[in-house]
Amino acid sequence: MFGHLPETSDRAIRTGSWSAPAASIKRGCRAAVCAALAAACGFAPAPADARHHLPRHRHAAVWPLEIPNGQYVPVGWDDVAGWRDDDQLAAFKAFRASCKPIAAQRGPPNETKPLGGSLREPCRIARATDISEPAEARGFFERHFRPVRISKLGETDGFVTGYYEPVLDGSRTQTDVYTVPVYRRPSNLFVRGVSQGASGLPNKGEVFRKIGRRKLVPYYDRGAIEDGVIAGRGLELCWLKSQTDLLFTQIQGSARVRFDDGTTLRINYDAHNGYPYTPVGRILIERNIIPKEQMSMQRIRQWMEDNPDGANELRRQNRSYVFFRAVDLSDKDEAVGAQGVPLTPGRSIAVDKALHVYGTPFFIEADLPIESEQSKTPYRRLMVAQDTGSAIVGPARADLYFGAGAEAGRVSGRLRHGARFVMLLPNSLDPMARARTMPLPEARPSAKIAKLFPHLQQPKSTGDQKPAEPASVVAPSATAPSVEAAKSAPSAAAPSAAESANKPGAAAATAAVPLPEARPAAAPEIRPARSRQHRPWRHHRRWHGVR
């Protein structure tokens, strides 16, 4: 739309990487213990500029969570700006809608994603709970989730854009006014590993068309399709007025097409042609046609209407092309997101499906131009991940759904702003619960050696005694028993551990215990090679099939 919105998406249905998660190390824990826990779990500490968000309690939190290219830090509910002022009842209803497909899952959870199947338990409780008040909904989330501020590695803020469902005039047949076809998925479009009969193909990856029986080549790009390479095959769902209307419908991923007879056709994303989306807004910025600070969907549309030839060339810079399918929805129904549930305006977001699980609640904190292009409307809302997009990439990246119609289009068209993300983690990922089952490291071997060989320790020197040579440089003597001798006759070579503990200075002797010297490297035994004549039976077995 303006350089950041996805084109190929299940938007309604629509649509890096080194991993170094950050865990918070809270005040009050000893540095050595914290460092050991962090090293044992492979976690990095939270960035310095995020430490003022740490919860104010005494225990260290080492989260068993790994988010590619992301960092996170636990926060308290009181540290989430606007949490108490939001209407969590609306978010709870959206969350319950997401719980229906989550509860229907029967297979093992997706362990490649940080949350895995952890949403199943809070979903089970939500579906069995009758909540009708915002305070009750807020209590539900506070009881069953923990807030974690999340961002891209090395950054503090995330990034949000907006999307909506266009409402367009169209025709079921081609006319002099309606000349641009909206195509359904062609039968010769293939995606490796995906059945051609699948509903909704992936919005990323290679797409092919078949030539003959076996040969596969990349599918046609936008320019070829606009020139009519697949025209006349009966693929037309309907007809629109302009290629600009079709382009923005492809960017949003769904639309409502109104016909002259008063009926409406609902279309949703179904497939794409395999080429990556190139934002036309970014091209206009790079060509110094529209300043970056003025970029919006409305500015792009206006420029295309004023420059039809330039618009034709600009569209072809984006070789990606989207195919649609008709869906059975009434005018009162909201568009369906990639999770398969109806989207909720103001409560549904599209996220990176490679990282996040559908149904995950996110609290978004931002100042957005909701009321006008220059306004900074406080936006503090709990929202639910129910959709995805090909341009929505990263741990703190979201597309906010604003509903259908022209006003929703105006609001979403001017959004490209920074925002702060708080992800709600189910209690099953509670770090303290996981820490209780974390195995402790084994005792250092020097303590065991001290108990076995206390006679090797340096005796405590007095004022009139000559200091002894350090134990580490004293050569073994004939009277000093060897390790083997000590093991075979412990009563004769060394007193028991109880006897050593009762002697004065035993604790001091145990504190500094020399490690035994390394065993001398033995020369490897060299065995003479056996010639073939010494093993005639092996030759016979190999050539005559004996096994």
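As the structure is a prediction and not an experimental result, all values here were calculated from the model.
Residues D227 and R222 are not paired through a salt bridge, judged by the lack of any N-O separation under 4.0 Å between the basic side chain and the carboxylate.
Under the ring-ring contact (aromatic ring centres under 6.0 Å, His included) criterion, W83 pairs with W77, F363, not counting sequence neighbours. In this structure R184 satisfies the side-chain contact (heavy atoms from CB on, under 4.5 Å) test together with L235, L237, sequence neighbours excluded. Among residues two or more places apart in sequence or in another chain, the side chain to side chain donor-acceptor pair (under 3.5 Å) test is passed with S151 by Q71. With sequence neighbours left out, E334 forms a side chain to side chain donor-acceptor pair (under 3.5 Å) with Y401. Applying the disulfide bond (SG atoms under 2.5 Å apart) rule to C99 yields the partners C123; only residues at least two apart in sequence or on another chain are considered. Partners of R84 according to the side chain to side chain donor-acceptor pair (under 3.5 Å) rule, which considers only residues two or more places apart in sequence or in another chain, are E142. Take R301 and apply the side-chain contact (heavy atoms from CB on, under 4.5 Å) test, not counting sequence neighbours, and it matches T244, D245, F248, E305. Residues meeting the ring-ring contact (aromatic ring centres under 6.0 Å, His included) test with F362, sequence neighbours left out: H356. For D306, the side chain to side chain donor-acceptor pair (under 3.5 Å) test picks out Q302, with sequence neighbours left out. Taking F92 as the reference, F140 meet the ring-ring contact (aromatic ring centres under 6.0 Å, His included) condition, with sequence neighbours excluded. Annotation: ring-ring contact (aromatic ring centres under 6.0 Å, His included) contacts of F145 (sequence neighbours excluded): F95, F141.
For residues 252-267, the pairs satisfying salt bridge (charged side-chain N to carboxylate O under 4.0 Å, His left out) are E165-R256, E165-R266, D169-R258, with sequence neighbours left out.
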